[in-house]
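Here is the structure we will look at, set down as structure tokens.
Naming convention: chains lettered A, B, ... in sequence-line order (proteins, then strands); numbering from 1 in each chain. Heavy-atom basis, side chains included; hydrogens, waters and symmetry copies ignored.
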Number of protein chains: 2
Amino acid sequence: MYDNNRSKIMSKDKNNPTAAELEILNILWLKQPLTVKEIHIELIKTKDVGYTTALKIMQNMTGKGLLKRILNGKSHLYTAAIKKEETQQNLLSKFVDTAFAGSASSLVMQLLGNKKTSKKELDEIKKIIDEMEQNQ
Amino acid sequence: MYDNNRSKIMSKDKNNPTAAELEILNILWLKQPLTVKEIHIELIKTKDVGYTTALKIMQNMTGKGLLKRILNGKSHLYTAAIKKEETQQNLLSKFVDTAFAGSASSLVMQLLGNKKTSKKELDEIKKIIDEMEQNQ
DNA sequence: TTGCAACTACGATAAAAGTCGTATATATTT
DNA sequence: AAATATATACGACTTTTATCGTAGTTGCAA
């Protein structure tokens, strides 16, 4: 009815995974390959979701090229089709833009100021910074 | 038809602003109050969007409690009803969970490894870390 | 005071994400 | 071979976000 293509014309979007898709990817990035059943068992540890919902999301993800699958007897075995680091990089880049108006440093400031970031995490971050400075 | 209330029962969600809503909030957090017209002028600097679209989003945001408005002659003056730091904190917390499986340190690692993060940003981040270490 | 320009209000539409029921196909067991 | 269990496939439905057209209201200018 009206021009709904503008944003699509302007920005070739990265087709980033959604939150629900990331839950599945995070499971697979730890251990692959897995069946829908195995993924579902992991998912219901943190949220209440039906089996066919998990199945459908994984089918959609396969269609989008986020997952690969091979037939294994009666069921399928799924693996992540995209790399963890690249994916996180894309998501982070967009997140810095939208939530922090492009300022990575203010994001880090928030992160370090957050009481919920554990001391252990803070120490790890410092260690990373130290190592980066060593390599310069 | 079926129980679609589970997630709502389980998790009282923070009703975080969406990407489009954040664009508007980021403008207001720099300068307030502003009219719809003024916001729209800012928005079209980076994306092609109609006036009534901006208006509608801002009306919705007011309904959700994200913005406040007062009548000013013929039009309204809008201000952000939520604090920048708190909002960013909520968004960041959720983002670390979903995109980085809860690991803040691996987020920072990605950030520092990102070639698109400018040297200036990196220096600022180091400075923040240094200051935090001073204060301990 | 009447008309135009500027605003708001409202509703229609669309796309995407998430949800799951039901139907179907395929093994496995008895 | 029939019954049961296990998987997938498919489509219906809901909610949320985003989009904008059109209608109505209001203030100001001529």
Side-chain N or O of [X] closer than 4.0 Å to phosphate OP1/OP2 of [N]:
X: B:T52; N: C:dA9; value: no
X: A:K56; N: D:dC13; value: no
X: B:H76; N: C:dT8; value: yes
X: B:Y51; N: D:dT19; value: no
X: B:Q59; N: C:dA9; value: yes
X: A:R69; N: D:dA7; value: no

How long is the line joining [atom1] of [X] and [atom2] of [N], in whole Å?
X: B:N60; N: D:dT15; atom1: CG; atom2: P; result: 16 Å
X: B:L66; N: D:dA18; atom1: CG; atom2: P; result: 11 Å
X: A:M58; N: C:dT19; atom1: CE; atom2: P; result: 14 Å
X: A:H40; N: C:dG18; atom1: NE2; atom2: P; result: 15 Å
X: A:N72; N: C:dT26; atom1: CG; atom2: C1'; result: 14 Å
X: B:K37; N: D:dT26; atom1: NZ; atom2: P; result: 19 Å
X: A:L71; N: D:dT8; atom1: CG; atom2: C1'; result: 10 Å
X: B:I24; N: D:dT17; atom1: CD1; atom2: C1'; result: 12 Å

Which nucleotide in the list [options] gets nearest to the side chain of [X]?
X: A:L55; options: D:dT19, C:dC7, D:dT8; answer: D:dT8
X: B:E21; options: C:dT8, D:dT8, D:dA18; answer: D:dA18
X: B:K74; options: D:dG11, C:dT8, D:dG27; answer: D:dG27
X: B:A20; options: D:dA18, C:dT19, C:dT8; answer: D:dA18
X: A:T18; options: C:dG18, D:dT19, C:dT19; answer: C:dG18

Mind checking whether A:P33 and A:Y78 have side chains closer than 4.5 Å, heavy atoms only? no
So do the side chains of B:L43 and B:I27 get within less than 4.5 Å of each other, counting heavy atoms only? yes
Kindly assign one of parallel, tilted or perpendicular to the pair A:F95 and B:F95, based on the angle between their ring planes and the thresholds 30° and 60°. parallel
Consider only side-chain heavy atoms of I, L, V, M, F, W and Y, link residues closer than 4.5 Å, and tell whether A:L30 and A:L91 are in one cluster. no
Can B:Q59 and B:T62 be counted as having a side-chain donor-acceptor contact under 3.5 angstrom? no
